[in-house]
Amino acid sequence: MKPQNRIIKVDDLVQETYQALHETGYTKKTLKKFKYSFRLFKEYALKNEIEFYTQKLAFAFLEEYCKIFSNSNKQSYVYQERKRAISKLDEIHRYKVVSSKQLLSRKIYIFQGCLQTSIKSYIVFKSETLSKARVQAIKLYLERFSTYISSIDKIKTLKDLESKYINKFIESCSIYTHNTYYATVICLRHYLIYLENNNLLIHPLSTSLPKIAKRRNRTFPHAFSKEETQKLLQSIKYNNSKERRDYAMLLLAARLGLRSSDIVNLKFENINWEKSEISLVQQKTKKALTLPLLNDVGEAIINYIKNGRPSVKDSHVFIREAKPYAKISSGSLFTIVDGYLKRAKIKIPAGRRHGPHALRHSLATLLLEDNIPISTIKEVLAHKSTETTKIYLKIAQKQLLQCALDVAPIDNSGDV
């Protein structure tokens with residue numbers, strides 16, 4: 001799938017892209033946002049009397065929006081929204097396809113030209129330590145890279161790779177959101193280091209890549225209050241097999257802070273009933289994790305196994321209610337939490353995340369309120385870095401303010 005050097009009118013490209021996005025399965029709300037951004041882009045092209053799409057036109061449009069929002073708090077949201085829309089246009093222009101977050105896990109990636117063999121071996125190498133989701137993201141970035149490199153006639157083998165070609169590709173990726181741009185550069189750097197370590201390049205190239213600053217998320221973590229969590233769990237009556245299963249799963253998130261992926265992938269072998277422990281290898285980080293099996297969590301799991309779980313030979317603890325019986329999907333947990341929130345009549349403000357991960361955040365804030373050290377919370381949540389855990393300090397401002405000391409008034413009467 002080489003880049004298409006086609007000439008197409010802006011109006012036609014917008015129509016083609018919108019249709020592709022619609023067929024891919026984006027929601028009406030997201031499609032509406034794309035449609036608005038496309039309209040602004042068409043108006044920009046018309047204002048500048050440009051009829052046909054080029055990447056130069058796309059960059060000029062984004063640069064103008066960057067200037068508009070450079071001194072505004074809206075930059076991070078509105079500008080990224082425009083950038084995302086333009087990146088979809090560019091994908092359709094170059095490849096006649098658009099990527100979809102929902103389809104990434106099912107997509108088959110094709111690597112082009114002389115990079116094909118080395119990328120495949122690199123993917124195998126990374127698969128040993130990374131989750132499937134992380135590996136899929138790497139495949140996406142390297143597919144784009146191999147497609148770009150294969151279009152350059154001068155590059156016949158790995159030894160023909162030069163930094164100027166790599167940096168040209170990176171420059172073309174700036175049309176994507178900053179997070180994607182940053183992740184692409186990091187992925188390429190690691191891939192090049194892999195090539196260097198295996199003596200597949202004439203000259204080291206990893207050091208020539210530009211350094212892109214990562215934009216840390218400055219927003220507050222989305223978490224339920226202690227009262228909301230209790231109300232949510234109390235809304236589950238666990239008087240049928242589905243509710244027994246749901247209650248056990250949500251307790252694992254609320255009481256132990258397990259991620260959705262680890263809950264749905266929990267196997268019987270991960271539970272040590274004699275030691276009252278849960279031991280597993282995390283799906284996201286591939287790191288081993290051992291947590292105490294709390295009494296209420298253990299009782300909920302036993303109740304589900306004895307009085308609700310279908311009698312199937314499957315090593316996973318939590319199984320779908322309907323045939324074909326198999327482990328429940330990670331995405332289903334959001335629907336489950338959302339349903340019980342509505343039953344409990346808990347109103348969630350617009351824009352606030354309220355999936356199972358919010359229960360994990362809730363545990364962190366509760367531990368913080370109980371004056372549990374950050375280092376201990378890090379171990380419970382199995383964060384790689386304490387810096388990640390420190391994000392929860394943002395929602396501990398109330399506690400910090402309570403610790404503030406009163407300052408005695410200063411007597412200036414004796415000033416000379």
Side-chain angles (χ1 to χ4, degrees), residues 1-6 53-67 70 79-80 82-84 86-95 97-99 109-123 125-126 134-216:
M1 185 177 64
K2 290 193 175 185
Q4 307 281 328
N5 293 319
R6 58 187 181 132
Y53 175 87
T54 62
Q55 199 174 70
K56 183 179 179 181
L57 173 65
F59 278 124
F61 170 76
L62 291 175
E63 186 177 354
E64 179 167 300
Y65 263 86
C66 188
K67 289 177 182 177
S70 60
Y79 179 58
Q80 293 301 325
R82 302 290 172 267
K83 209 170 185 181
R84 184 188 183 198
I86 296 304
S87 72
K88 298 302 180 186
L89 284 175
D90 198 64
E91 282 184 22
I92 284 290
H93 177 248
R94 290 198 283 175
Y95 308 118
V97 294
V98 290
S99 59
Y109 293 93
I110 300 172
F111 309 114
Q112 307 285 335
C114 63
L115 301 184
Q116 186 181 84
T117 302
S118 63
I119 289 178
K120 286 183 177 180
S121 62
Y122 177 69
I123 294 298
F125 170 69
K126 298 303 288 184
R134 293 279 295 277
V135 171
Q136 287 296 95
I138 290 173
K139 287 179 181 178
L140 171 64
Y141 304 141
L142 293 183
E143 181 188 60
R144 289 173 178 167
F145 180 57
S146 71
T147 301
Y148 179 89
I149 293 299
S150 67
S151 67
I152 301 173
D153 294 332
K154 291 183 179 180
I155 303 179
K156 302 297 183 185
T157 69
L158 278 173
K159 298 189 183 299
D160 295 326
L161 267 181
E162 295 181 30
S163 58
K164 63 180 180 181
Y165 300 125
I166 299 171
N167 288 326
K168 271 287 185 182
F169 166 74
I170 291 174
E171 184 181 334
S172 72
C173 290
S174 62
I175 202 166
Y176 297 112
T177 62
H178 183 82
N179 285 344
T180 300
Y181 183 47
Y182 171 83
T184 300
V185 175
I186 295 298
C187 175
L188 277 182
R189 182 173 287 117
H190 289 170
Y191 168 61
L192 292 173
I193 291 173
Y194 172 81
L195 296 181
E196 292 164 4
N197 290 340
N198 287 276
N199 299 316
L200 296 173
L201 298 176
I202 295 178
H203 305 291
L205 298 173
S206 59
T207 55
S208 64
L209 270 61
K211 292 183 178 180
I212 311 297
K214 183 176 183 179
R215 293 175 184 168
R216 289 284 179 183

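Keep in mind that this is a model prediction, so the values were computed, not measured.
In this structure, a donor-acceptor pair under 3.5 Å is present between the side chains of D90 and Y53.
Side chains of I170 and N167 form a contact here, defined as non-hydrogen atoms less than 4.5 Å apart. Using a 4.5 Å heavy-atom threshold, the side chains of F169 and T184 count as touching. Contact annotation: the side chain of L57 never approaches that of Q55 to less than 4.5 Å [non-hydrogen atoms, C-beta and beyond]. Here the side chains of L115 and S150 are not in contact, with every heavy-atom distance at 4.5 Å or above. Two residues are said to be in side-chain contact when any heavy atoms from C-beta on lie closer than 4.5 Å; S146 and I119 meet this criterion.
Ring pair Y122/Y191 is perpendicular by interplanar angle, where above 60° counts as perpendicular and below 30° as parallel. Using cut-offs of 30° and 60° on the angle between ring planes, the pair H178 and Y181 is perpendicular.
Atom CD1 in I155 sits 14.0 Å away from atom NZ in K159 (nearest 0.5 Å). Atom CZ of R84 sits about 12.5 Å away from atom CG of L89, to the nearest 0.5 Å. H190 NE2 to L209 CG: the interatomic distance, rounded to the nearest 0.5 Å, is 10.5 Å. Atom OG1 in T147 sits 5.0 Å away from atom CD in Q112 (nearest 0.5 Å). We find the OG-CZ distance between S87 and R82 to be 13.0 Å, quoted to the nearest 0.5 Å. Here the straight-line distance linking atom CZ of R144 with atom OH of Y109 works out to 8.5 Å at 0.5 Å rounding.
The two residues I166 and F145 come nearest to each other via the heavy atoms CG1-CZ, 4.0 Å. Nearest approach of V185 to P210, heavy atoms of both residues: CG1-O, 3.5 Å. Closest approach of E143 and I110 over heavy atoms only: OE2-N, 3.0 Å.
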Can you give the donor-acceptor pairs under 3.5 Å from side chains of residues 196-203 to other protein atoms, not counting sequence neighbours?
unit_1	atom_1	unit_2	atom_2	d
E196	OE1	S206	OG	3.0
E196	OE2	L205	N	2.7
E196	OE2	S206	N	2.8
E196	OE2	S206	OG	3.1
N197	ND2	I193	O	3.3
N198	ND2	Y194	O	2.8

Report the C-alpha separation of E162 and K168 in whole Å, then their side-chain angles, then the decisive distance to 0.1 Å, and conclude whether the salt bridge (charged side-chain N to carboxylate O under 4.0 Å, His left out) test is met.
CA-CA 10 Å; E162 295 181 30; K168 271 287 185 182; over 6 Å; no
Mind running side-chain contact (heavy atoms from CB on, under 4.5 Å) on D160 and K154 for me, showing each step along the way?
CA-CA 7 Å; D160 295 326; K154 291 183 179 180; over 6 Å; no
Chi angles and distances behind the side-chain contact (heavy atoms from CB on, under 4.5 Å) call for Y141, T180:
CA-CA 9 Å; Y141 304 141; T180 300; 4.1 Å; yes
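For the side chain to side chain contact (heavy atoms under 4.5 Å, CB included) criterion with C187, the lone passing option out of L140, L192, I138 is I138.
Between the side chain of Q116 and the main chain of F111, a donor-acceptor pair closer than 3.5 Å is present.
A salt bridge does not link K164 to E171: none of the charged nitrogens lies less than 4.0 Å from a carboxylate oxygen.
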